[in-house]
Amino acid sequence: MEKKEMIYEGKAKKVFRTDDPALLIVDYKDDATAFNGQKRGTIGGKGIINNKMSNYLMAILEKEGVPTHLVQELSERETLVKCVKIVPLEVIIRNIAAGSFSARYGVEEGTPLKISTIEFSYKNDDLGDPLINDYHALALGLATEKEIETIKKYAFKVNDVLRALWAKRGVTLVDFKLEFGRLADGTIVLADEISPDTCRFWDAETGKKLDKDRFRRDLGNVEDAYTEIIGRLVDGE
Ligand code: TMP
């Protein structure tokens, strides 16, 4: 499958057309941004790690009944995926208070939540991805009621599968962000990526952060954390 013209370049990935209109090639970059692009940098080898992790986890999720965009890994940084129209919602699941949840509700980071939660942000960089509720999403026509129901069901299933998988590897899955897309026939599938850029991973013993918060918060040893977390995943088989 050959790469044709680039149709999109985001903060962390480039997307290319292929000979098949139903398939795209994603190419993962080492570029990192935070705070809606205000902070910029590179994390050496990140693209390779995120490509590998995302594909590894999506293949498992697919077997567990969550349809994904994954078709086939093509190289260290490139993956063939199904072409989708992204639903403009960032779907965030949380198991432990951290980040914007801790800040917004005044809950100390690390506080376990009584139940796992879900929230949506409207994916819109100009607005800074504002938090919205289901009614807002419906009112804005971002998704249908049935799509929102499906997205919630899949997101919690992803949480169940990944929480258990990471626990076996000595890692606490604190929270994560998912994006879903629609295939040409309207089927909802998990898209984008699942990586240290989009999840909070804490070492279960020490609480050490093994994700992009090391970059966001200038904690240092960013590359080492990415290398450690991908190692935990693949060596923990
Ligand atoms: P938050 O606590 O900053 O809202 O982040 C929640 C989760 O979402 C965390 O695992 C990091 C991830 N995330 C993204 O993937 N992209 C983003 O733009 C932001 C703000 C968070």
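Numbers here are sequence positions counted from 1. Only a predicted model underlies this, so the values are computations on that prediction, with no experimental measurement involved. For ligands, and for the atoms within them, numbers begin at 1 and follow the listed sequence.
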**ligand 1 N/O within reach of Glu119 N/O, cut-off under 3.5 Å** = no
**Request:** Would you mind checking which non-hydrogen protein atom is closest to atom 4 (O) of ligand 1, with the distance to 0.1 Å?
**Result:** Ser100 OG, 2.5 Å
**Pairing of Lys152 and Asp134 as salt bridge, 4.0 angstrom limit** = yes
**Asked** Counting from 1, what ligand 1 atoms have a heavy atom of Asp197 closer than 4.0 Å?
**Response** 15 (O)
**Asked** Who's the nearest protein heavy-atom neighbour of atom 17 (C) of ligand 1, and how far?
**Response** Glu90 OE1, 4.1 Å
**Asked** Could Asp31 and Lys29 be called an ion pair, given the rule that one side-chain N must be under 4.0 Å from one carboxylate O?
**Response** yes
**Request:** May I ask you to check whether over 12 heavy atoms, not counting those of Glu76, lie within 6.0 Å of atom CD?
**Result:** no
**Asked** Given that the side chain starts at C-beta and the backbone is N, CA, C, O, which of these parts of Ser102 lies under 4.0 Å from ligand 1, counting heavy atoms, or is it both or neither?
**Response** neither
**ligand 1 contact on Asp211 by region, counting heavy-atom pairs under 4.0 Å** = neither
**Message:** Give the atom numbers and elements of ligand 1 that come within less than 4.0 Å of a heavy atom of Phe176.
**Reply:** 10 (O)
**Asked** Can you tell me which residue and heavy atom of the protein come closest to atom 10 (O) of ligand 1, and the distance to 0.1 Å?
**Response** Asp175 OD1, 2.6 Å
**Prompt:** Does ligand 1 have a heavy atom under 4.0 Å from the side chain of Lys212, from its backbone, from both, or from neither?
**Reply:** neither
**Fill in**
Gly99 heavy atoms within 4.0 Å reach ligand 1 at atoms 2 (O)
**Item:** Crowding at CZ, Arg217 (>12 non-hydrogen neighbours, <6.0 Å)
**Value:** yes
**Request:** Assess whether atom NZ of Lys85 is packed by more than 12 heavy atoms of other residues, nucleotides or ligands within 6.0 Å.
**Result:** no
**Message:** Please determine whether any non-hydrogen atom of Asn36 lies less than 4.0 Å from an atom of ligand 1.
**Reply:** no
**Prompt:** Taking everything shown except Lys52 itself, do over 12 heavy atoms lie less than 6.0 Å from its NZ?
**Reply:** no
**Prompt:** Taking atom 6 (C) of ligand 1 as the point of reference, which of Arg216, Lys177, Glu193, Arg200 owns the nearest heavy atom?
**Reply:** Arg200
**For Cys199, atoms of ligand 1 separated by under 4.0 Å from a heavy atom** = 10 (O)
**Item:** Short N or O distance, Asp129 and ligand 1, threshold 3.5 Å exclusive
**Value:** no
**Message:** Under a 4.0 Å threshold between the charged nitrogen and the carboxylate oxygen, would Asp203 count as salt-bridged to Lys209?
**Reply:** no
**Lys/Arg N to Asp/Glu carboxylate O, Lys208 vs Glu228, below 4.0 Å** = yes
**Prompt:** Do Lys4's NZ or CZ and the ring of Phe16 fall within the cation-pi criteria of under 6.0 Å and 45°?
**Reply:** no
